[in-house]
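Shown next, in structure tokens, is the structure this report addresses.
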Amino acid sequence: MANFPRRRGKNGAPAVSKASRFSKFVRQPVADGAGKKTLRRRGIYLLPNAFTTAALFCGFYAIVMAMNQRFEHAAWAIFIAMILDGLDGRIARLTNTQSEFGAQYDSLSDMVSFGAAPALVIYEWSLRGMGKLGWLAAFVYCAGGALRLARFNTNIAVVDKRFFQGLPSPAAAAMVAGFILLMNDLDVSGKQLGWVSWAIALFAGLTMVTNVPFYSFKDVNFRKSVPFIVVFLLALFFALISIDPPKVLFPIFVAYGLSGYAVFFWRMAKGKPVSIVQVDHEH
């Protein structure tokens, strides 16, 4: 092929095309886990990131409320952050506004709402009087949340989508917040439950960084028709929550927090692989 002279700009510098100057606003080809080229947006979209910002605000609000000794408000703020966190990704997929910025922003928001906030709330509520043991348990929870999020981002392409690798940070945060709500509903002071709070914070923090599989519900097809009884049971579930949320939410998330260990030991007893990380046997 003939070598055509490159177009020069001012002062003899190579000219930059309009497409390259604005490349950060257009879709860039990236390789997925299978090596196939896909297109990922690099722009910033308002709608999904607005939900992520709202979740971040709830995490920050929970910390402020804990500092002001208003622990019920702090716990509910964490639960609201959970709902918002579940919505932002789904809205991004529905509106086709996924972006690398949104994924990174969501992780940072999760660290505040489900890592730092629950650790500081339970510390102020119950662990402060335990001295070093108290803040160490809160730190183990916070560090577990950070490590869990970092591992999730790096292993997202090699983990079985049906399961989470370790306890999801929103579920761990819900376990902590649900316990505070339940004890507040029963008029039990956090200072009387130091060792129970210590055990819950340690359990949640360590379970987040284990390889125990937790069902992700990602294989549930919401577009598929279901029997009438499923809709009835769903309505019954929301009715039970509305009757007495503290007494219903905490047992639900405790059951979920234990379900991973049940699956882990069941697989081990059956001789099935307990790891959910997919391994390429061809290499």
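In what follows, every heavy atom counts, from backbone to side chain, and hydrogens, waters and symmetry copies are set aside.
No side-chain heavy atom of Leu181 sits under 4.5 Å from any side-chain heavy atom of Phe71. For the pair Gln104 and Leu108, the minimum side-chain heavy-atom distance is 4.5 Å or more. Inter-residue side-chain proximity for Ile78 and Ser113 is flagged as unmet; no heavy-atom pair is nearer than 4.5 Å. Two residues are said to be in side-chain contact when any heavy atoms from C-beta on lie closer than 4.5 Å; Phe164 and Val212 fail this criterion. Looking at Phe253 and Met82, their side chains come closer than 4.5 Å, going by heavy atoms from C-beta outward. In this structure the side chain of Ile122 never reaches within 4.5 angstrom of the side chain of Tyr141, judged on heavy atoms. By the 4.5 Å heavy-atom criterion applied to side chains, Tyr105 and Ser99 are not counted as neighbours. In this structure the side chain of Trp125 never reaches within 4.5 angstrom of the side chain of Ser189, judged on heavy atoms.
If you take CG on Leu193 and CD1 on Ile180, they are separated by 10.5 Å, rounding to the nearest 0.5 Å. The CD1 atom of Ile83 sits 11.5 Å away from the CZ atom of Phe51 when rounded to the nearest 0.5 Å. We find the CZ-CG distance between Arg90 and Asp85 to be 9.0 Å, quoted to the nearest 0.5 Å. The CZ atom of Phe114 sits 6.5 Å away from atom OG of Ser109, with the distance rounded to the nearest 0.5 Å. Distance check: Asn49 CG to Leu56 CG gives 11.5 Å after rounding to the nearest 0.5 Å. The distance from the CZ atom of Arg162 to the OG atom of Ser216 is 9.0 Å, given to the nearest 0.5 Å.
Closest approach of Asn153 to Ser107, counting heavy atoms only: ND2-OG, 3.1 Å. Of all the heavy atoms in Arg151 and Thr154, the pair that sits closest is O-OG1, 3.0 Å. For the pair Leu167 and Arg148, the tightest heavy-atom approach, listed with the atom from each and the gap, is O-NE, 3.2 Å. Taking all atoms of both residues into account, the shortest heavy-atom contact from Ala117 to Ala62 is CB-CB, 4.3 Å. When all heavy atoms are compared, the tightest approach of Val121 to Ala74 is CG2-CB, 4.0 Å. Nearest heavy-atom pair, Gly144 versus Val209, reported as atom, atom and distance to 0.1 Å: O-CG1, 3.6 Å.
With sequence neighbours excluded, no residue forms a side-chain hydrogen bond (donor to acceptor under 3.5 Å, both in side chains) with Asp106.
Residue pairs meeting the side-chain hydrogen bond (donor to acceptor under 3.5 Å, both in side chains) criterion with at least one member in residues 172-186, sequence neighbours excluded, are Glu72-Asn184, Asp185-Lys247. For residues 128-139, the side-chain hydrogen bond (donor to acceptor under 3.5 Å, both in side chains) pairs, not counting sequence neighbours, are Glu124-Arg128.
Looking only at distances, a side-chain donor or acceptor of Asn68 sits under 3.5 Å from a matching main-chain atom of Val64. Between the side chain of Thr207 and the main chain of Ala204, no donor-acceptor pair closer than 3.5 Å is present.
Checked against a 6.0 Å centroid threshold, the rings of Phe203 and Trp198 do not count as neighbours. You'll find the ring centres of Tyr256 and Phe214 inside the 6.0 Å limit.
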Original post:
Could you walk me through whether Tyr215 and Ser259 pass the side-chain contact (heavy atoms from CB on, under 4.5 Å) check?
Top reply: CA-CA 8 Å; Tyr215 186 56; Ser259 66; over 6 Å; no
**OP:** Please lay out, stage by stage, how Met65 and Trp76 fare under the test side-chain contact (heavy atoms from CB on, under 4.5 Å).
**Re:** CA-CA 10 Å; Met65 289 298 101; Trp76 278 121; over 6 Å; no
**OP:** Would you sort out whether Gln165 and Thr210 count as a side-chain contact (heavy atoms from CB on, under 4.5 Å), showing the intermediate values?
**Re:** CA-CA 7 Å; Gln165 187 181 14; Thr210 62; over 6 Å; no
Original post:
Stepwise, does the side-chain contact (heavy atoms from CB on, under 4.5 Å) test hold for Ser126 with Lys191?
Top reply: CA-CA 5 Å; Ser126 181; Lys191 296 180 181 179; over 6 Å; no
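Under the 3.5 Å distance criterion, with hydrogens and angles disregarded, a donor-acceptor pair is assigned to the side chains of Asp88 and Thr52.
Under a cut-off of 6.0 angstrom, the local environment of CZ in Phe57 is sparse, with at most 12 non-hydrogen atoms contributed by other residues, nucleotides or ligands.
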